[in-house]
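Every chain is numbered from 1, with letters handed out A, B, ... down the list of sequences.
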Amino acid sequence: MTDALLSVRDLVVEFPKRKTRLTALDQVSFDIRPGEILGMVGESGAGKSLTGAAIIGLLEPPGHIASGEIWLGDQRIDQLPYEQLRRLRGKRIAMIFQDPLTSLNPILTIADQLVETIQTHLPLNDKAARARAIQLLDEVGIPAAEKRIDDYPHQFSGGMRQRVVIALALAGEPELIIADEPTTALDVSVQAQIIDVLKRMCHEHGTAVMLVTHDMGVIAEACDRVAVMYAGRIAEIGDVRQIVKHPQHPYTQGLMGSIPSITQQVDRLVQIPGSMPRLDAIPSGCAFNPRCNQRLPRCTQDRPDLITTDQGHVACWLYEGATP
Amino acid sequence: MSLSVRQEYPDMKQPLLQVQNLSCHFDVSKPWLNRVIESEPQRFLTAVDQVSFSVNQGETFALVGESGSGKSTIAKLIVDLIHPSSGEIRFDGKILRETRGEAFKTLRRRIQMIFQDPFASLNPRWRVGDIIAEPIHAFGLATSQAQVTRTVEELLDKVGLAGRDRHKYPHEFSGGQRQRIAIARALSAQPDFLVCDEPTSALDVSVQAQILNLMRDLQDEFGLTYLFISHDLSVVKHMADRIGVLYLGSMVEDAPSEQLFSQPAHPYTRMLLDAIPDHEMSGRRRKPVTGEIPSPINPPSGCTFHPRCEYADTLCKEQRPAVVTHNDSQVACWAVEQARIPVKGLQSV
Amino acid sequence: QTLRWASAGDSLTFDPHSQNHGQTHAVAHQIYNPLIYLDLDSEMQPGLATSWEVTDNPNVWEFKLREGVTFHDGSPFTAEDVVFSFQRAQHPNSDMRTLISSVVEVRAVDPLTVHIETNGPTPLLPNNLTNLFIMSKAWAEANNVTTPQDYSAGEENFAVRNANGTGPFRLVSRDPDVRTEMVRNDEYWGKEQFPMEISRVVLTPIQSAATRAAAMLSGEIDFLQDVPVQDINRLSGSNNITMLSGPENRTIFFGMDQGREELRTSNIKGKNPFADKRVREAMNIAINRQAIQQVVMRGQSVPAGMIAPSFVNGYTAELDTVPATDVNRAKALLTEAGYPDGFNVTLTCTNDRYVNDEAICQAVTGMLGQVGINVRLDARANSIHFAELQQGELDFYILGWAVPPLDSHYVFDFLLETKTPDTGAWNFTGWSNAEFDSLSRALPTETDLTERNAKIARAWEIVQDEIVYLPVHHQVLNWAVRQDIDFAVQSQNQPMLKYLKFK
Amino acid sequence: MTDQTTPSTPPTNDGLVRRILDSDLFYDFSRRPIIILSAILTLVIILAAALAPWIAPHTPFDPSTLNLMDGFTPPMQPNAFTGNLYWMGTDSQGRDIFSAILYGARISLLVGFAAVAFAAILGITLGLIAGYKGGWVDTLIMRIADVQLSFPAILVALLIFGITKSLIPSEMQEQAAIYVLILSIGLSDWVQYARTVRSSTLAEKNKEYVQAARLFGVSSIRILARHILPNVMGPVLVIGTIGLALAIILESTLSFLGVGVPATQPSLGTLIRVGNEFLFSGEWWITLFPGITLLILALSVNLLGDWLRDALNPRLR
Amino acid sequence: MIAMLIRRLIQAVIVMLVVAFISFSLFQFVGDPINNMVGQEASQQDRAELRERLGLNDPIPIQFFRFVGNAVKGEFGISYRMARPVSEVIAERLPATLELALVSGVLAISLGIALGVYTALRRDGWLSHFIMSSSLIGVSLPTFLIGILLIYVFSVELQWLPSFGRGETVQITENWSTGLLTVSGWKSLILPAITLGLFQLTLLMRLVRAEMLEVLRTDYIKFARARGIKQRSIHFRHALKNTLLPVITIAGLQLGSIIAFAIITETVFQWPGVGLLFINAIRFVDIPFMSAYLLLIALVFVVINLIVDLLYFAVDPRLRVVKRSAGR
Ligand SMILES: Nc1ncnc2c1ncn2[C@@H]1O[C@H](COP(=O)(O)OP(=O)(O)OP(=O)(O)O)[C@@H](O)[C@H]1O
Ligand SMILES: Nc1ncnc2c1ncn2[C@@H]1O[C@H](COP(=O)(O)OP(=O)(O)OP(=O)(O)O)[C@@H](O)[C@H]1O
Ligand SMILES: [Mg+2]
Ligand SMILES: [Mg+2]
């Protein structure tokens with residue numbers, strides 16, 4: 001575990017509601033190693049974005065971390081005071097949001113936003129910061145960066161804006177980037193470009209990435225490891241190849257099967273009945289049990305812990321007894 | 001009214017929908033005064049440009065293309081939500097826009113649509129039962145309230161919901177369930193033809209699978225014909241019998257599904273196919289896509305795809321390619337026509 | 001010593017002959033002098049004239065002028081200026097012309113003597129001259145203001161905002177409705193005669209009653225002219241303020257249109273209830289004047305039985321007795337008159353002219369309601385009220401009347417004589433009585449004072465008997481001054497600041 | 001377009017109470033004592049005003065029932081002349097302040113509600129049409145709105161007053177006053193509704209449920225009335241509530257300026273205006289009690305409106 | 001930009017014409033102007049002559065154009081009430097109103113923005129709650145009551161500040177006298193300015209707060225936080241500017257309505273401005289003054305709106321660079 005850059009331990013995020021508290025993240029644990037790209041998949045509402053927000057400390061009140069620990073290297077960061085956390089953000093952990101159209105401040109130029117970010121984290125004078133900004137834009141593949149740096153966000157197309165966003169995230173040379181669905185708002189064709197940029201930057205800078213998405217294609221293409229989330233819990237974590245080829249958790253299996261394939265023609269897709277439970281109605285035991293076609297009696301009562309199997313980690317009673 | 005009884009069509013291969021040279025321009029000019037002062041001409045956005053295709057009874061025709069390529073516009077043109085600038089749309093041999101009275105009402109009833117956003121396509125203030133019953137009332141398909149209720153319950157049952165759900169409001173349902181309600185509403189008009197504009201793109205894959213399966217079941221049961229719009233090629237491949245590829249409002253290729261995937265002719269089709277993420281990790285290399293889709297207001301000259309095309313030459317820049325038919329497919333590409341791109345089976349033309 | 005003076009309304013113009021308007025005259029008195037003026041006790045005092053008497057020709061009055069008087073611009077005052085001023089005041093633009101309508105000619109006999117010839121014997125001519133100010137002929141000619149400002153046409157001339165008088169103060173600056181500043185005229189002819197302690201006067205009109213009271217209370221004002229009656233207690237309770245009060249030359253009363261066939265605003269059709277004296281009497285005894293005095297006026301009024309205040313020639317305490325309020329008798333009278341269920345009528349009232357005018361009307365509305373007369377109250381600004389009144393469009397209205405000449409004839413002439421183009425200018429009651437008319441018309445030329453007073457008494461008898469108007473009360477004048485000021489009210493509501501002394 | 005033959009039944013409202021009690025709105029409501037208090041106070045004032053003829057001890061609008069000698073009776077002290085006791089005192093005419101407040105609130109509320117209703121109906125209708133039809137209809141309506149907007153409420157009201165004053169014969173002015181108030185306040189306020197409804201309509205009309213309805217050949221009017229209208233009412237409710245408070249205040253301001261209802265039938269504003277003259281002279285109760293009533297009413301309604309706005313704003317949840 | 005300006009100008013002209021038409025209609029339909037001009041005694045023939053002389057027998061459109069022509073020249077006729085040319089009266093009183101409006105406007109805008117930002121940033125602080133609650137009281141109390149209360153407390157009881165008028169004024173030009181150059185002028189200004197500005201202040205404050213909260217929830221602010229940008233910069237560089245954009249419009253409108261609302265304040269404080277004149281004009285049905293005032297207010301609004309639009313243009317890059325991006 002010592003080699004992990006980010007280590008999340010039993011993270012619980014709660015939203016106080018009328019009478020109860022909603023547990024949006026329930027005992028989430030995972031690690032990211034330096035330079036590694038960890039994918040986070042799961043259906044809408046599974047808690048992917050919340051995990052990212054919790055790590056960088058941007059949970060929106062009344063949401064809060066109820067228990068658990070988040071370690072960045074040797075530093076525990078889930079209880080840092082605001083100012084320390086702020087210094088961390090952008091410098092050690094950066095975040096990219098889904099919508100490039102709304103992520104940039106519309107009334108500041110790209111230069112304004114980049115230079116400010118750079119100077120917040122690096123001791124550079126205006127000129128040097130600007131040079132660095134141009135270099136960053138260059139790196140993420142903005143043509144004629146020098147000319148376009150003084151443009152406003154609305155003068156860029158969607159794909160270009162997402163590149164700017166990536167440049168901004170990279171400005172403080174962070175060790176970890178949390179990318180929350182960086183390509184969902186973009187076209188398939190542009191998607192591939194952005195994923196490429198992201199991958200390249202990580203390799204070049206040795207940055208670790210937590211890539212949140214619900215697109216298995218993106219996961220398969222970009223990630224080293226994948227965590228599958230279901231109803232605020234991690235259902236399975238493992239090597240991307242393992243998960244794609246040999247999913248263990250029945251949910252993952254269903255998920256993989258429900259994606260139409262272009263290589264084979266099937267008449268009916270594999271279909272998981274029902275839908276993910278709402279946070280206020282998570283069934284006892286395994287959250288997936290009402291939809292599971294391999295349900296065991298105990299699934300309805302006892303919650304499975306994440307156990308280690310030879311192919312990764314899975315939270316499912318089917319694999320109980322597998323070697324830890 | 002009973003749902004299971006359907007008019008039978010004598011020839012299943014009869015084209016139910018024929019679209020010919022359909023074009024749609026939107027006036028995106030600046031206000032008149034600005035134009036005068038800045039001496040700018042009036043500007044039009046060509047959303048759909050000379051598109052022709054036909055859909056056979058009982059088949060699924062899919063339209064694919066990048067965002068802004070005109071898919072939704074075609075869908076709206078077909079269901080008569082907007083009016084074409086030129087070209088004609090024939091449904092069952094009749095032109096919707098030229099029919100009047102009862103015939104118009106009947107035609108209108110026979111073409112229904114399922115929208116992309118299941119959250120916006122249901123009126124949040126209406127109960128599900130009333131939503132589904134709206135077409136029944138509007139088209140006068142029931143004679144009594146009891147009949148309406150029965151039909152609504154039957155429909156809910158058909159799409160995998162419970163009859164008592166009709167008392168609930170849309171917000172009490174998940175996205176997938178709402179899309180089922182939307183489908184039930186479309187079905188309540190007893191249509192023959194369903195235009196489905198990205199019906200699953202707002203849904204999670206597991207729910208998408210449910211909806212796609214449901215749509216297939218309904219097609220089998222009712223003999224429905226689909227115009228299926230999606231940007232997800234793998235979904236399209238799963239659903240469609242025939243696929244049309246749109247680029248900047250023009251149809252660049254129109255081919256049977258298998259053929260399109262196995263022998264893509266147009267460079268754009270190839271590019272799209274190459275860009276499909278390999279989620280199965282079959283080891284297929286994904287080719288990076290070059291460039292971005294140009295503005296439809298000022299489309300490139302000649303073949304609109306030429307700036308992004310590796311096969312483009314001067315002819316492509318200057319002249320718009322004609323549509324070439326081969327086998328069962330049509331392609332609009334100079335390079336294909338001039339055989340600069342090797343396409344299996346095309347040489348025979 | 002600066003005096004900060006506030007009033008409800010402002011002077012309308014400094015052109016002394018343009019408007020016959022109380023506050024306009026009140027301000028003008030500080031700057032201009034008439035030949036004769038009324039002092040704090042409403043006694044006629046020599047102003048620019050030192051003496052006046054009828055000459056042998058009963059139609060000609062002789063005025064001796066004061067010697068050594070100069071205008072503010074230094075030019076001397078002569079008989080020519082008097083002749084000029086009278087001519088000016090007779091111009092059609094002048095509002096003062098009716099007061100001297102009897103004047104045929106004004107002649108300068110010598111620089112300090114003028115003769116005024118009237119179209120008949122006019123014993124009360126001096127009474128009409130107390131607000132007739134004398135301008136400098138030379139100055140008027142130099143500034144092209146030889147004719148008065150045509151007020152209704154909106155004309156403005158040099159004299160409107162500039163003044164050159166002979167009075168105790170000279171005008172420094174003038175911002176209509178906002179602020180008027182005057183300084184002491186050290187060349188004033190009466191410099192030695194009067195205290196003349198104020199060196200500067202700043203006049204500010206304050207419309208809102210509450211603000212007026214507040215300004216006085218907060219010490220921003222030294223002298224407040226129109227004290228709201230409800231604030232008298234509060235003001236007099238303040239250590240820094242002295243209240244001055246005295247009878248005012250103004251009586252408030254109600255008029256009823258008795259002449260019409262049918263009232264405009266009544267449910268009674270085909271006849272006019274007001275035409276029946278019993279109805280008028282019923283109304284007269286339905287009004288509880290004491291209650292109005294005590295509650296609405298807070299004691300600051302004198303319940304009235306006649307429409308002339310005590311200092312007017314012809315006034316008697318007997319005539320002024322207030323009828324006892326008797327609701328039952330009023331009801332009986334109405335029944336007798338054929339209105340057992342009463343009737344409807346609209347009372348039209350000002351809300352910005354007289355002290356608590358609207359409240360008085362409301363109170364009367366209630367009182368008449370109690371005897372069955374269902375009154376609808378319509379209160380509005382005085383300009384509209386008077387415009388409609390003068391068009392003869394009102395059935396039942398409020399009016400207040402002052403008698404500057406201090407003689408009953410003024411009341412008769414305006415309010416009671418039969419309405420003709422020349423008489424009864426403000427008689428909108430439709431009341432007409434031949435005997436009364438002949439009595440009244442004989443008055444101006446009646447030189448025998450005993451005979452004259454007898455006629456006046458007889459005329460009043462008729463009026464009182466007929467209950468032509470319903471008098472309510474005589475107003476009491478209240479001024480508030482800073483505690484260290486020694487001053488007294490003047491019944492015309494014209495503060496003569498030259499009399500003001502500081503303790 | 002052919003209209004449908006069978007009218008569809010409106011959604012039944014069974015279980016409405018249950019739904020309300022279940023709703024987030026109600027939950028939020030039930031947790032805010034101040035809001036509950038505001039609601040109760042508003043309700044009490046409205047009820048008291050509505051029931052004024054039955055609960056008021058006197059009829060202040062009938063001058064013949066007043067005894068002038070009762071004038072200026074201080075609260076809870078017997079009148080010096082008549083010995084009558086009024087727990088809120090009396091005004092210059094001997095009117096019982098408490099009754100006058102009830103009747104006055106009646107007028108204020110009547111004017112407020114009617115003005116809001118008038119403004120809302122006008123604004124909603126025009127907003128719906130502008131938003132749905134678009135094009136020159138939209139431009140025209142919104143330009144008119146702009147012109148209207150450049151005249152603040154008070155000015156519009158004063159103007160209409162000035163005009164009607166000279167147009168209406170004076171004997172009718174009194175009865176007309178209240179309608180003039182309603183008209184002028186309503187006219188000065190519709191723009192807000194129109195703008196809000198228009199922008200909501202613009203958003204709603206492009207939503208797919210509207211397109212779906214068009215597919216069934218539902219007529220524009222029906223789409224507007226049955227589909228769009230219910231969905232744009234949320235913000236209207238908020239504006240309406242706050243507008244009610246504003247209308248009540250505006251009414252009192254106009255009455256204060258002397259252009260409102262006549263003093264014989266005083267609204268809260270007229271009561272305050274009249275009482276204002278007696279503030280320095282020590283008869284504080286004449287203006288204080290109506291003033292407090294007005295403040296409580298406007299404040300409660302404002303608080304409710306404020307809360308409603310936050311509660312209905314999904315982004316604040 | 002130019003096109004926008006022209007369009008705005010055309011719109012402004014149309015608005016002014018509409019208002020002019022309303023004003024003109026006042027003359028036409030509200031009472032016979034002749035009646036207001038001549039005395040009771042004027043004969044039928046005098047009236048007819050005057051009609052002819054004033055051109056009241058001309059066709060309505062011609063009269064309207066003459067009215068507009070005169071209005072452009074600043075001639076509105078003679079006030080019925082004051083018997084002086086309306087334009088002159090207005091010119092004399094306008095400085096007082098403008099000064100009052102300006103000071104309250106500045107007060108409302110500066111304090112409104114400051115408090116709005118404060119309460120948005122310290123959303124849950126007790127001070128914010130206090131400010132928000134008292135602001136509600138502020139909008140629930142009619143302006144005139146506030147004025148009266150202020151007079152009662154500060155003039156009558158404490159005797160700190162004058163209760164009425166403008167205090168000493170200094171004549172700057174022939175028509176412009178200012179109270180801003182004297183101590184008593186400023187003292188007199190305080191209470192009316194507060195009374196007048198309070199409502200707009202609370203309105204602006206609530207608007208700024210709501211707008212700011214909205215902006216603080218946007219993605220770009222979240223993204224800025226995620227980049228570790230300093231709190232100060234996020235609040236005042238990133239959020240505030242975006243907040244103020246929509247506020248400009250409202251602030252502009254508010255400034256306009258301040259002038260209109262001055263009517264009440266001027267009545268309460270006997271402030272010698274045009275508002276006080278207007279309320280009297282209404283009471284006296286002084287049509288020439290009413291119509292001139294109407295046009296004046298419309299003009300003020302139109303001008304403010306124009307300025308606001310230009311300001312918008314200067315501040316919002318999305319508008320400024322329209323041309324460049326369209327040219328791509
Ligand atoms: N402010 C909040 N109050 C209550 N519940 C919340 C709040 N924010 C998020 N949640 C809940 O937390 C759960 C996880 O949300 P999250 O945004 O992490 O999902 P996600 O996996 O990112 O989904 P998506 O793919 O739609 O982005 C959801 O069920 C959501 O409803
Ligand atoms: N009403 C309209 N006015 C102007 N332009 C329009 C209008 N509707 C669509 N367009 C333009 O027409 C083009 C085609 O739009 P359309 O919605 O058909 O694309 P699409 O293929 O459905 O894209 P997406 O995948 O994003 O839904 C786009 O450039 C769009 O901007
Ligand atoms: Mg998410
Ligand atoms: Mg689309």
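Qualifying side chain to side chain donor-acceptor pair (under 3.5 Å) partners for His231(B), counting only residues two or more places apart in sequence or in other chains: Glu198(B). Not counting sequence neighbours, the partners of Ser234(B) by the side-chain contact (heavy atoms from CB on, under 4.5 Å) test are Pro260(A), Ile262(A), Asp232(B). Taking the salt bridge (charged side-chain N to carboxylate O under 4.0 Å, His left out) definition, one finds that Arg225(A) meets it with Glu36(A), sequence neighbours left out.
Contacts of Val270(A) with chain B are made by backbone atoms alone, with heavy-atom separations under 4.5 Å and no side-chain atom involved. If you measure heavy-atom distances from Ile219(A) to chain B, you find no contacts under 4.5 Å at all. The parts of Ser67(B) that come within reach of chain A are both its backbone and its side chain, each placing non-hydrogen atoms under 4.5 angstrom from that chain. With a threshold of 4.5 angstrom between heavy atoms, Met160(A) approaches chain B through its backbone and through its side chain.
With a 6.0 Å radius and a threshold of 12 heavy atoms from other residues, nucleotides or ligands, Arg278(A) has its CZ atom at or below the threshold. No more than 12 heavy atoms of other residues, nucleotides or ligands lie within 6.0 Å of CD in Glu258(B), so this atom counts as exposed by the packing criterion.
Across all their heavy atoms, Gln271(A) and Asn213(B) have their closest contact at OE1-ND2, 2.7 Å. Considering all non-hydrogen atoms of both residues, Asp217(B) and Arg268(A) come closest at OD1-NH1, 2.6 Å.
Atom CD of Gln210(B) is separated from atom CG of Leu269(A) by 10.5 Å, given to the nearest 0.5 angstrom.
Heavy-atom neighbours of chain A within the stretch residues 201-209 of chain B, taken at a separation under 4.5 angstrom, comprise Asp204(B), Val205(B), Ser206(B), Val207(B), Gln208(B), Ala209(B).
Counting heavy-atom pairs under 4.5 Å between each of Ser261(A), Pro273(A), Ser275(A) and chain B puts Ser261(A) at the top. For the options Gly158(A), Ala220(A), Gly42(A), heavy-atom pairs under 4.5 Å to chain B are most numerous at Ala220(A).
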